[in-house]
Amino acid sequence: MTNEESYVNIEPSNPVQTVAPEKEETELIRATDKITALYCRLSNEDSLDGESNSIHNQRRILSDYARDKKLPNPVFFIDDGYSGTDFDRPGFQEMLDEIEADHVAVVLTKDLSRLGRNSTMTGMFINITFAKHNVRYIAINDNFDTLNQNSVDNDFAGIRMWFNEFYARDTSRKVRAVVKAKGERGEPLTGFLPYGYVKDPNDPKKWIVDEEAAKVVKRIFSLCMEGRGPSQIAKLLQEEKVLTITAYRLQEGRNANHPEPANPYEWDSRSVADILERREYTGCTVNFKTYSNSIWDKTTRKNPIENQAIFYNTHPAIIDIDIFDKVQEIREQRHRRTKSGNSHMFSGLVFCADCKGKMYFNSSSGEESKWFFSCSNARSGSRKCTSHYIRAIVLERLVWNYTQRVIDLVLRYEAHFRTIMEEKMQTESKAILKAKRKQLEKAEKRIQELDRLFVRTYEDNVSGKLSDERFAAMSHGYEEEQQGLKEAAEVLRKEIEVQEQQNQNLDLFIERIQKYTALDELTPYVAHELIKAIYVGAPDKSSGKRRQSIHIEYDLIGFIPLNELMKQETA
């Protein structure tokens, strides 16, 4: 489980002893330089049991026992706030280092559960690690002492360790059930708010916008929309002397969960990427983003978005949802940078109209007027496409010319634009929906058929008509095919849902266009907000001049038939 707070209290083995010996014991203790390790552990769950398991109570019990039994050179090793299911605890590891260095004679705990709640690991340390280094282990309340091999209490130690593990499993189940219930109700499961938000002083369960940090978050998203990657953004923030997340929180007197950085302006690209991936900035609560396989496996894994619980409009948004989604698309494209370090605002957006392959940006010549995009399939030597390219400056001029005309048409003839685009989108959508629904129906029918086939093969196997080997091979094949079909069906359902939202998409596109009434040039931000893809055709030299056509697929609505729309202007 997550550790809220921890510390290790390790005291030196010789200068000042933890438990002062009586005069008559001095000779006995000086007979060895080895220490007695007094190990205390308290987890967050154990602390609910009250004083009995408190660190203070454990220290008292261990100190009294060490004094009474005249154990040499007692030294405390303490883990406060650490689960017994995990042995990667600082206090335990420090003690283990001393054991492996042969500095320890005795390890003393209040009971077996203080050492750990994983029966396998606890048994391994007691029976192998401690024994190898000739370390005596004593669990006071369980009457366990490795020196007494014939003790009945030692024989029952394995059962006690199993019960300790069962307690951990049962506690974990209860904690998970509580967390699951909270998460499904929409309560944020994170106690550490995203950068850009603070807790409402009037209601700690509510988030409010931290305006100063929110400006940085907006800038990061804006820079990504312009085509900059996390590393470039981190470098720019550092140049602009923007405080890192940790440095800012410490400056504001808040808990930063990290030590103060040496350079308060040194942004890390991972921190920038984390901000760009946080859906919470759109005003929603996202629960169950990660999971672990068991209480023994502490590895945190990312949960697929379909397994997450998302609750919308739970707090003020810093980033519009459409901008967030666009940024995710941009990041998925992973823009290719040239060897010279240059990039272009159309990188990742340009495709070949013939083979539909990506067109790569090239700036090796140095002069901007000679920068160009070329088909990746032609360059690869695979002969999938003819070798053709387009100069970047020409592409910029063509795209700006098309986009300017679209903006002008929407602003001047919005009703006509809506009519034409709705007709086009409905016609396309009808054909696409018909094809996809047919595919979905076919997939669902096959899934049901595979269920029947599996039942039939199982009956044949039980009756002896089908061998176990043949049944295993056939059922495995059916399961693989069915799983593939279920995944494909889910994708089809989502695509159908997108097609059914065409009118809503048209409204969103017009809203975006209306933001740019005074636009006098195409900026990287505008390009990535409006354009989904640019398709470049092969050059046509039949007229004696090199002519090249492009087709722009706009975000949300696809291709726009400019010629048909222009009829309104000439009417």
Side-chain angles (χ1 to χ4, degrees), residues 196 209 211 214-228 233 236 275-276 278-284 312-313 315-333 335 344-350 395-422 424-425 498 501-534 550-562 565-566 568-569:
V209 175
E211 296 297 342
K215 290 177 184 176
V216 180
V217 173
K218 289 176 181 177
R219 176 145 173 73
I220 288 171
F221 273 86
S222 179
L223 289 168
C224 186
M225 284 288 287
E226 292 176 7
R228 298 177 192 256
I233 296 171
L236 187 61
I275 286 173
L276 293 171
R278 294 211 72 157
R279 190 171 292 274
E280 287 91 335
Y281 289 122
T282 64
C284 61
Y312 296 93
N313 303 317
H315 52 266
I318 294 175
I319 303 298
D320 290 340
I321 184 67
D322 55 333
I323 296 299
F324 178 85
D325 290 340
K326 192 67 179 177
V327 162
Q328 307 319 303
E329 289 180 22
I330 292 169
R331 286 185 41 70
E332 284 176 8
Q333 292 168 356
H335 300 159
H344 195 275
M345 65 176 169
F346 293 154
S347 293
L349 296 177
V350 188
L395 185 61
E396 288 171 24
R397 187 171 64 247
L398 289 172
V399 173
W400 171 233
N401 182 39
Y402 274 84
T403 305
Q404 200 173 23
R405 289 160 67 190
V406 168
I407 292 172
D408 185 57
L409 282 166
V410 171
L411 296 177
R412 293 173 61 190
Y413 308 108
E414 183 182 329
H416 178 65
F417 179 83
R418 279 183 179 278
T419 301
I420 296 296
M421 289 307 300
E422 282 173 0
K424 171 186 172 292
M425 292 166 73
V498 169
Q501 293 176 343
Q502 291 290 1
N503 286 341
Q504 184 181 349
N505 289 345
L506 181 57
D507 291 337
L508 289 172
F509 181 79
I510 291 173
E511 283 180 21
R512 289 185 188 180
I513 290 289
Q514 288 171 342
K515 292 191 298 185
Y516 302 117
T517 55
L519 192 68
D520 53 8
E521 66 173 338
L522 190 63
T523 65
Y525 187 99
V526 175
H528 283 95
E529 186 175 18
L530 297 182
I531 297 170
K532 186 174 184 179
I534 303 166
I550 66 167
H551 300 280
I552 302 174
E553 182 182 358
Y554 288 92
D555 195 38
L556 299 172
I557 63 172
F559 296 100
I560 297 175
L562 271 177
L565 286 162
M566 292 293 286
Q568 173 71 20
E569 191 172 22

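Listed for the Ser347 side chain is a donor-acceptor partner under 3.5 Å among the backbone atoms of His344. When atom types are taken as modelled, the side chain of His528 and the backbone of Cys224 share no donor-acceptor pair closer than 3.5 angstrom.
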Taking it one step at a time, do Ile330 and Met225 satisfy side chain to side chain contact (heavy atoms under 4.5 Å, CB included)? CA-CA 7 Å; Ile330 292 169; Met225 284 288 287; 3.9 Å; yes
Please lay out, stage by stage, how Arg418 and Glu414 fare under the test salt bridge (charged side-chain N to carboxylate O under 4.0 Å, His left out). CA-CA 6 Å; Arg418 279 183 179 278; Glu414 183 182 329; 3.2 Å; yes
Show your working on side chain to side chain contact (heavy atoms under 4.5 Å, CB included) between Phe346 and Leu522 and close with a plain yes or no. CA-CA 11 Å; Phe346 293 154; Leu522 190 63; 3.8 Å; yes
Taking it one step at a time, do Phe509 and Asp555 satisfy side chain to side chain contact (heavy atoms under 4.5 Å, CB included)? CA-CA 8 Å; Phe509 181 79; Asp555 195 38; 5.6 Å; no
Evaluate the side chain to side chain contact (heavy atoms under 4.5 Å, CB included) criterion for residues Ile513 and Leu530: first the C-alpha distance (whole Å), next the side-chain angles of each, then the deciding distance (0.1 Å), finally the verdict. CA-CA 8 Å; Ile513 290 289; Leu530 297 182; 4.1 Å; yes
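Contact between Ile407 and Tyr516 at its shortest, heavy atoms only, is CG2-O, 3.9 Å. Of all non-hydrogen atoms in Tyr402 and Ile552, the two that sit nearest each other are CB-CD1, 3.6 Å. Ile318 and Gly196 make their closest contact through CD1-O, 3.5 Å (heavy atoms, listed as atom of the first residue, atom of the second, distance). Annotation for Ile560 and Tyr554: closest pair CD1-CD1, 3.5 Å, computed over non-hydrogen atoms. In plain terms, the two heavy atoms of Leu349 and Ala527 that are nearest each other are CD1-O, 4.4 Å. Here the closest non-hydrogen pair linking Asn505 and Leu556 is CB-O, 3.5 Å.
Applying the side chain to side chain contact (heavy atoms under 4.5 Å, CB included) criterion to Gln328, with sequence neighbours excluded, gives Glu277, Phe324. For Arg397, there are no salt bridge (Lys or Arg N to Asp or Glu O under 4.0 Å) partners two or more places apart in sequence or in a different chain. Residues forming a side chain to side chain donor-acceptor pair (under 3.5 Å) with Tyr525 (at least two apart in sequence, or on another chain): none. Glu553 is linked by a side chain to side chain donor-acceptor pair (under 3.5 Å) to nothing, counting only residues two or more places apart in sequence or in another chain. Taking Ile321 as the reference, Arg279, Thr282, Asp325 meet the side chain to side chain contact (heavy atoms under 4.5 Å, CB included) condition, with sequence neighbours excluded.
Atom-to-atom distance recorded for Asp408:CG and Phe417:CZ is 12.0 Å, nearest 0.5 angstrom. Distance check: Leu409 CG to Met421 CE gives 11.5 Å after rounding to the nearest 0.5 Å. Once rounded to the nearest 0.5 Å, the distance linking OG1 of Thr403 with CZ of Arg405 reads 10.5 Å. Remark: Asp322 CG to Arg512 CZ distance equals 4.5 Å, nearest 0.5 Å. Atoms OG1 and CH2, on Thr523 and Trp400 in that order, are 9.0 Å from each other to the nearest 0.5 Å. Atom CG of Asn401 is separated from atom CD of Gln404 by 7.0 Å, given to the nearest 0.5 angstrom.
Checked by atom type, the side-chain pair His315/Glu280 shows no donor-acceptor distance below 3.5 Å.
Within the structure, salt bridge (Lys or Arg N to Asp or Glu O under 4.0 Å) pairs that include any residue of residues 214-223 comprise Arg219-Glu240 (at least two apart or interchain).
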